[in-house]
Amino acid sequence: MDTKIGSLDVAKPPTNDLVSCNHANATVIHPSVPSAVINGCGDSTLGGHLARRLVEIGVTDVFSVPGDFNLTLLDHLIAEPALNVIGCCNELNAGYAADGYARARGVGACVVTFTVGGLSVLNAIAGANSENLPLICIVGGPNSNDYGTNRILHHTIGLPDFSQELRCFQTITCFQAVVTNLEDAHELIDTAISTALKERKPVYISISCNLSGIPHPTFSRDPVRFSLSPRLSNKMGLEAAVEAAAEFLNKAVKPVLVGGPKLRVAAAGEAFVELADASGYALAVMPSAKGQVPEHHPHFIGTYWGAVSTAFCAEIVESADAYLFAGPIFNDYSSVGYSLLLKKEKAIIVQPDRVVIANGPSFGCVLMKDFLKGLAKRLKHNNTSYENYHRIFVPEGVPLQAAPKEPLRVNVLFQHIQKMLSGETAVIAETGDSWFNCQKLKLPKGCGYEFQMQYGSIGWSVGATLGYAQAVPEKRVLAFIGDGSFQMTAQDVSTMLRCGQKTIIFLINNGGYTIEVEIHDGPYNVIKNWNYTGLVDAIHNGEGKCWTTKVFCEEELVEAIATATGPKKDSFCFIEVIAHKDDTSKELLEWGSRVCAANSRPPNPQ
């Protein structure tokens, strides 16, 4: 099939948990802390205004790396009592941390210095863009007097043109504000922040280093709260879309629902569940949307991922005579090398503001949330697809019983991980085989789950774990990271310890880039083995609460989990799991071969 079926990237509704919609004509951002706290510091400077705005939208932690162009700005951010400035080991991890924070809080922020910092954080900002995360990237820029001159500054490539960093950010952010004077600083900053919230994308704010500490009348002690005009559905288009979809689905014998990753950007998760409840259809989720659809729903049948789907899920989805995909992204990874057995004429594709019905009509200016709620009232109850699933379902087996002191197998590891999950935990899965092993975990109600499938940047999870854990300290984060990924961003375990986080990292040490091995093997996929627990112990250096261990067999794993969840439950725990280099999930083996085939297609004849 055409895997670009209905995949329209136009996610723009102003939606996040920090934004509450009134039934009037505006969306008011309510501060996450009392206004007395926000207004308590008599700082009428640019830096003070920015700090208060961040707190107002729900950012109480900012991830930063100091540099001479942003030091004064950092002084003013630190002076805001409701804002916690967290120093990271490098800009890339600061960006990843802001990404993880945004996933939990709805918006995140990082602060770096000009060019050397800005270009270092670019990769993380690009990833946040691909995942539709509002992220405020703040850069301390050159002195305002240096703009328009022929001066050459440090931290640049040696040209008097200071726009290199800006040009890079223009391709991966939805708004760029370069603040070089105080007269329009208030407008630029507020426009940037509100645009990030409305567009659900990162924005870039550069602030000249000599402006942050200067008072100005526009920086009121009592800033007016943001009021964002909501996006509304076209009523006639909405009604037409609902009517056409209802007619299409009500004629079907065994229709199914599949949730996609853009449920988050459309804030349509509850509406999707409402539709599932009303329709009785079997309910599946795309891999990149795991955690956004409740897996305790009575009609949930698992992850639809083509040839590597949850057992019996693909058979039900692909044999259906109609399927509704809410917020899908069909790329080469989610389609398993373009091998999904779907037909466009059977599909209703619902994007954040557009509905496409089979080979027929397309309806624009229709918000996903409104469409799903309207459709729920028009569908006839039909549980045939779920009954078919229930009829063919066979409970999955359990791993073979390990012999005493037998080397630990990865499937045995995740059998024990499943028992650790609860509503008070969250799972972070790094790019690699952890994608597939974590995908098979059954998430209890309230259990968080995050991974970066669209961008797939190896090393993302270390910084993202830092940010996510900081955003939701009431949850214990379980991060599953391969050794190759960990080597890229390991430094910010240091920051986790400084922040007193109680995360458990399971480091899967299998000697290299296993996911790359299964796509295309070569000597470049083998890495130097580290003493990972020794490294974390050295970073710990006796400061903070930290516990590390290596496990080689199931008995040691059981003991390690008991310690991490018992005597060390308030400590950062690092468990290095020694695994065989060829111990991979069967799903990775299948997926890798199909992605390899897609990557190695010969050029089309000219």
Side-chain angles (χ1 to χ4, degrees), residues 287 303 305 307-311 333 336 396-421 427-442 451 453 456 458-459 461-462 478-488 490 504-533 548-561 564 573-596:
T303 298
W305 199 354
V308 295
S309 298
T310 304
Y333 275 15
V336 196
E396 59 187 60
V398 296
L400 294 173
Q401 181 68 40
K405 299 299 181 179
E406 177 186 336
L408 183 62
R409 300 191 305 272
V410 173
N411 56 13
V412 173
L413 164 66
F414 279 91
Q415 184 182 30
H416 288 279
I417 297 302
Q418 180 66 63
K419 300 172 186 176
M420 298 178 67
L421 302 185
V427 173
I428 303 288
E430 174 59 88
T431 301
D433 200 20
S434 293
W435 273 6
F436 303 91
N437 289 308
C438 291
Q439 195 70 221
K440 291 183 282 189
L441 294 172
K442 296 176 176 60
F451 78 130
M453 185 170 187
I458 289 177
S461 65
V462 177
L478 310 179
F480 300 91
I481 309 175
D483 49 350
S485 298
F486 188 73
Q487 288 194 8
M488 293 198 171
I504 304 177
I505 289 181
F506 288 87
L507 188 286
I508 316 298
N509 184 350
N510 53 14
Y513 300 122
T514 300
I515 190 170
E516 312 289 4
V517 168
E518 302 309 332
I519 296 174
H520 183 98
D521 200 6
Y524 31 76
N525 290 324
V526 179
I527 62 175
K528 172 71 174 68
N529 189 38
W530 290 2
N531 180 355
Y532 294 98
T533 54
T548 67
T549 189
K550 293 182 195 285
V551 298
F552 295 85
C553 60
E554 185 177 13
E555 293 88 342
E556 293 174 351
L557 174 67
V558 170
E559 183 179 345
I561 290 175
C573 296
F574 185 89
I575 301 174
E576 181 181 351
V577 178
I578 309 300
H580 191 279
K581 68 181 182 66
D582 294 323
D583 185 359
T584 65
S585 64
K586 72 179 183 65
E587 290 81 7
L588 175 55
L589 297 175
E590 175 73 25
W591 179 89
S593 63
R594 289 175 181 260
V595 170
C596 176

| Shortest non-hydrogen contact between Glu430 and Ser461, atoms and distance | OE1-OG, 2.7 Å
| task | Apply side chain to side chain donor-acceptor pair (under 3.5 Å) to the pair Thr533 and Asn531, showing each step before the final yes or no. | result | CA-CA 6 Å; Thr533 54; Asn531 180 355; 3.3 Å; yes
| message | Within the 4.5 Å heavy-atom criterion, are Ile515 and Trp591 side-chain neighbours or not? | response | yes
| request: For Asn509 and Asn529, run side chain to side chain donor-acceptor pair (under 3.5 Å): C-alpha distance rounded to whole Å, both residues' side-chain angles, the deciding distance at 0.1 Å, then the answer. | output: CA-CA 8 Å; Asn509 184 350; Asn529 189 38; 3.0 Å; yes
| In Å, rounded to the nearest 0.5 Å, how long is the span from CG of Asp433 to OG of Ser585? | 3.5 Å
| query | Just by modelled atom types, is the Lys528 backbone N or O under 3.5 Å from a matching donor or acceptor in the Gln487 side chain? | reply | yes
| message | If I take atom CG from residue Leu588 and atom CZ from residue Phe436, how far apart are they, to the nearest 0.5 angstrom? | response | 5.0 Å
| Do NZ/NE/NH1/NH2 and the carboxylate oxygens of Lys586 and Glu590 come within less than 4.0 Å? | no
| query | Do Phe480 and Ile417 come within less than 4.5 Å of each other through their side chains, counting heavy atoms only? | reply | yes
| request: Would you please indicate if the ring centroids of Trp435 and Tyr333 are separated by under 6.0 Å? | output: yes
| Is Glu559 atom CD crowded by more than 12 heavy atoms from other residues, nucleotides or ligands, each under 6.0 Å away? | no
| Can we say Lys442 and Glu396 salt-bridge, meaning some charged N sits less than 4.0 Å from an Asp/Glu carboxylate O? | yes
| task | Output yes when Glu556 and Lys550 qualify as a salt bridge under the 4.0 Å nitrogen-oxygen rule, no when they do not. | result | no
| query | Is there a side chain to side chain donor-acceptor pair (under 3.5 Å) between Asn525 and Glu516 once you walk through the steps? | reply | CA-CA 7 Å; Asn525 290 324; Glu516 312 289 4; over 6 Å; no
